[in-house]
Asker: 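Have a look at the structure that comes next, please.
Source: prediction; values computed, not measured. Order of appearance sets the numbers: ligands from 1, and atoms from 1 within every ligand.
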Amino acid sequence: MRIALFGYGKMGKMIEKIASERGHDIVARIDVDTPKIDFSNMDVAIDFSMPDAAFANISNCFEHGIPVISGTTGWLKDFDKAVTLCREKEGAFIYASNFSLGVNIFFELNAYLAKMMKNLDQYDVAMEEIHHTQKLDAPSGTAITLAEGIIKNSNYDTWKLGQGDGKEIGITSKRIESVPGTHTVAYNSAVDSIEIKHTAHNRQGFALGAVTAAEWIVGKKGVFTMKDVLNLG
Ligand SMILES: NC(=O)C1=CN([C@@H]2O[C@H](COP(=O)(O)OP(=O)(O)OC[C@H]3O[C@@H](n4cnc5c(N)ncnc54)[C@H](O)[C@@H]3O)[C@@H](O)[C@H]2O)C=CC1
Ligand SMILES: O=C(O)C1=N[C@H](C(=O)O)C[C@H](O)C1
């Protein structure tokens, strides 16, 4: 498969390594200073760039009929526009706030736990995410997906960065040198706490998930999620 990387930073380089090991060709490494993009020579694009660059990259790919795997976080105000454009152009698109198998299992566990806790008013939920100090967005995309999973399955109706109150889920964001990504969901009562936690040890799981999604999407049309790719739930 001929893969174009949009964003050649920490994730772009890790995806290049994993994709090459799986026999794919990296035909373009597009970064902020790339003058002109040749769309004629790629089967799929994988975007791990920056919040203010992602939507333009994704739209550009749809305009040229290229399927897109989108991992960049912090650009979701434009997500609905991307979906509309994908459908208009009969393209193919997967966005995931987190491509790792472990986090996608964790998303399912989070939804299941939220359902069980729904009517137990003695517990309050709180979330924490920890990432490296270069991260531009807060809370993390993964934390937002976890909060949405709780909202869908509980009486909480919104999330907030910082301390939550009433029906708000509070999300604490911490930035610590070199941490790839740690997410904790805790239900706290006066007598005990229940916590679920996912810890990424490195970026390989994110990259493998993105390459697996790229392999899966080629030849398909539509807007999909990692649940479709991984057959979870
Ligand atoms: N969905 C997932 O599983 C994961 C998502 N991420 C997200 O992926 C994004 C990238 O993460 P990292 O690689 O760690 O960041 P990074 O800062 O190491 O790399 C981003 C790269 O994008 C480049 N860039 C800036 N403007 C661009 C443009 N217009 N077109 C193409 N490239 C451009 C930068 O020059 C840089 O090389 C972040 O939003 C991060 O939150 C990171 C890990 C996993
Ligand atoms: O910026 C990162 O590094 C990561 N970003 C994603 C997020 O915002 O959830 C996924 C992962 O946690 C690493």
Asker: Pull out every atom of ligand 1 sitting under 4.0 Å from any heavy atom of I30, numbered as shown with elements.
Answerer: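 Result: 31 (C), 32 (N).
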Asker: Give yes if a backbone or side-chain nitrogen or oxygen of G141 is under 3.5 Å from a nitrogen or oxygen of ligand 2, and no if not.
Answerer: yes
Asker: Got the closest protein heavy atom to atom 9 (C) of ligand 1, with its distance?
Answerer: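 Residue, atom and distance for the closest contact: S49 O, 3.4 Å.
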Asker: With heavy-atom distances below 4.0 Å as the criterion, list the atoms of ligand 1 near K135.
Answerer: 41 (O)
Asker: Test side chain to side chain donor-acceptor pair (under 3.5 Å) on S140 and H183; report intermediate values, then the result.
Answerer: CA-CA 9 Å; S140 66; H183 293 88; 2.8 Å; yes
Asker: Quick one: does H132 get a heavy atom under 4.0 Å from ligand 1?
Answerer: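 Distance cut 4.0 Å: H132 fails for ligand 1.
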Asker: If you count the atoms of ligand 1 from 1 in the order shown, which ones are under 4.0 Å from a heavy atom of A53?
Answerer: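 Counting from 1, the qualifying ligand atoms are 26 (N), 27 (C), 28 (C), 29 (N).
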Asker: Evaluate the side chain to side chain contact (heavy atoms under 4.5 Å, CB included) criterion for residues N110 and I196: first the C-alpha distance (whole Å), next the side-chain angles of each, then the deciding distance (0.1 Å), finally the verdict.
Answerer: CA-CA 8 Å; N110 173 59; I196 56 172; 4.2 Å; yes
Asker: Identify, for atom 41 (O) of ligand 1, the protein heavy atom at the shortest distance, and state residue, atom and that distance.
Answerer: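 Ranked first by proximity to atom 41 (O) of ligand 1 is T73 OG1, 2.6 Å.
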Asker: Select one of side chain, backbone, both or neither to describe which atoms of N57 lie under 4.0 Å from any atom of ligand 1, heavy atoms only.
Answerer: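 It is the side chain that touches ligand 1; the backbone stays farther off.
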Asker: Looking at non-hydrogen atoms alone, which of Y8, Y95, F206 comes nearest to atom 44 (C) of ligand 1?
Answerer: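 Result: the heavy atom closest to atom 44 (C) of ligand 1 is in F206.
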Asker: Can you report which non-hydrogen protein atom sits closest to atom 12 (O) of ligand 2, along with the distance?
Answerer: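 Of every protein heavy atom, H131 NE2, 2.6 Å lies nearest to atom 12 (O) of ligand 2.
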Asker: Nearest 0.5 angstrom please: R87 CZ to K89 NZ, how far?
Answerer: 15.5 Å
Asker: Check for me whether S100 has a heavy atom closer than 4.0 Å to any atom of ligand 2.
Answerer: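 Contact absent.
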Asker: T73 heavy atoms, cut-off 4.0 Å: which ligand 2 atoms fall inside?
Answerer: 6 (C), 7 (C), 8 (O)
Asker: Kindly give the cluster partners of F55, where membership spreads through any ILVMFWY side chain lying under 4.5 Å from a current member.
Answerer: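 Listed partners: I58, F62, V68, W75, L76, F79, V83, L85, F93, Y95, V223.
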Asker: Looking at ligand 1, would A96 count as a contact under a 4.0 Å heavy-atom criterion?
Answerer: yes
Asker: Name the option, out of G9, G74, S97, A96, that contains the heavy atom nearest to atom 6 (C) of ligand 2.
Answerer: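 Selected option, by shortest heavy-atom distance: S97.
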Asker: Under a 4.0 Å N-O cut-off, is there an ion pair linking D43 with R2?
Answerer: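 A salt bridge links D43 with R2.
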Asker: Considering H198, H132, K135, which one's heavy-atom position lies nearest to atom 5 (N) of ligand 2?
Answerer: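 Nearest option to atom 5 (N) of ligand 2, by heavy atoms: K135.
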Asker: Could you tell me the residue and atom name of the protein heavy atom closest to atom 2 (C) of ligand 1, and the distance to it rounded to 0.1 Å?
Answerer: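 The protein heavy atom lying closest is S97 O, 3.4 Å.
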Asker: In sequence, state the C-alpha distance, the side-chain angles, and the governing distance for E215 and H24, and then conclude on side chain to side chain contact (heavy atoms under 4.5 Å, CB included).
Answerer: CA-CA 9 Å; E215 290 167 353; H24 302 301; 2.7 Å; yes
Asker: In sequence, state the C-alpha distance, the side-chain angles, and the governing distance for M226 and L232, and then conclude on side chain to side chain contact (heavy atoms under 4.5 Å, CB included).
Answerer: CA-CA 8 Å; M226 276 308 272; L232 289 176; over 6 Å; no
Asker: Could you note down all residue pairs passing side-chain hydrogen bond (donor to acceptor under 3.5 Å, both in side chains) where residues 148-159 supplies at least one of them, sequence neighbours left out?
Answerer: none
Asker: Closest non-hydrogen protein atom to atom 6 (N) of ligand 1, residue and atom name please, with distance?
Answerer: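 Minimum-distance protein heavy atom for atom 6 (N) of ligand 1 reads G71 O, 3.7 Å.
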Asker: Please report the C-alpha distance between D192 and S189 in whole Å, then the side-chain angles of each, then the deciding distance to 0.1 Å, and finally whether the side chain to side chain donor-acceptor pair (under 3.5 Å) criterion is met.
Answerer: CA-CA 5 Å; D192 60 6; S189 77; 2.8 Å; yes
Asker: Does the distance from a Lys or Arg side-chain N to an Asp or Glu carboxylate O, for D137 and K135, drop under 4.0 Å?
Answerer: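 Judged by the 4.0 Å cut-off on N to carboxylate O distance, D137 and K135 do form a salt bridge.
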Asker: What's the shortest distance from atom 3 (O) of ligand 1 to any protein heavy atom, and which residue and atom give it?
Answerer: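 Result for atom 3 (O) of ligand 1: F99 N, 2.8 Å.
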Asker: Go through ligand 2 atom by atom and flag the ones less than 4.0 Å from a non-hydrogen atom of T142.
Answerer: 7 (C), 9 (O), 10 (C), 12 (O)
Asker: Could you check atom 4 (C) of ligand 1 against the protein and tell me its nearest heavy-atom contact, residue, atom and distance included?
Answerer: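 Checking every protein heavy atom, the shortest distance to atom 4 (C) of ligand 1 gives F48 CE2, 3.4 Å.
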Asker: Can you name the nearest heavy-atom pair linking T182 to K197, along with the distance?
Answerer: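 Of all heavy-atom pairs spanning T182 and K197, the closest is CG2-CE, 3.6 Å.
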Asker: Test M11 against R203 for side chain to side chain contact (heavy atoms under 4.5 Å, CB included), laying out the working first.
Answerer: CA-CA 7 Å; M11 279 303 297; R203 294 185 172 81; 3.9 Å; yes
Asker: Could you pull out, from I37, D31, T145, V32, the option with a heavy atom nearest to atom 23 (C) of ligand 1?
Answerer: D31
Asker: What is the nearest protein non-hydrogen atom to atom 19 (O) of ligand 1, stated with its residue, atom name and distance?
Answerer: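 Result: G9 CA, 3.4 Å.
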Asker: Answer yes or no: is there a side-chain heavy-atom contact under 4.5 Å between N104 and K227?
Answerer: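 Side chain of N104 against side chain of K227, heavy atoms only: no contact under 4.5 Å found.
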Asker: Determine, for E129 against R175, whether the closest basic-nitrogen to carboxylate-oxygen distance falls under 4.0 angstrom.
Answerer: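 Here E129 pairs with R175 in a salt bridge, since their nearest N and O are under 4.0 Å apart.
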Asker: So if I count the atoms of ligand 2 from 1 in the order they appear, which ones are less than 4.0 Å from some heavy atom of H183?
Answerer: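 Answer, ordered by atom number: 12 (O).
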Asker: Report yes or no: do Y8 and E16 form a side-chain donor-acceptor pair below 3.5 Å?
Answerer: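 Per modelled atom types, Y8 and E16 side chains form a pair under 3.5 Å.
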Asker: With a heavy-atom distance limit of 4.0 Å, tell me whether A143 approaches ligand 2 through its side chain, its backbone, both, or neither.
Answerer: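 For A143, no heavy atom sits under 4.0 Å from ligand 2.
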Asker: With heavy-atom distances below 4.0 Å as the criterion, list the atoms of ligand 1 near G7.
Answerer: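 Per the distance check, 22 (O), 31 (C), 32 (N).
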Asker: Identify, by atom number and element, the atoms of ligand 2 in contact range of S140, meaning under 4.0 Å from any of its heavy atoms.
Answerer: 7 (C), 8 (O), 9 (O)
Asker: For ligand 2, which atoms, with element, lie under 4.0 Å from some heavy atom of N98?
Answerer: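 Numbered from 1, ligand 2 contributes 10 (C), 11 (C), 12 (O).
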Asker: Would a distance-only check, ignoring hydrogens and angles, find a side-chain to backbone donor-acceptor pair under 3.5 Å from E168 to D165?
Answerer: yes
Asker: Check each of K10, M11, Q134 against atom 43 (C) of ligand 1 and report the one with the nearest heavy atom.
Answerer: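 Heavy atom nearest to atom 43 (C) of ligand 1 belongs to M11.
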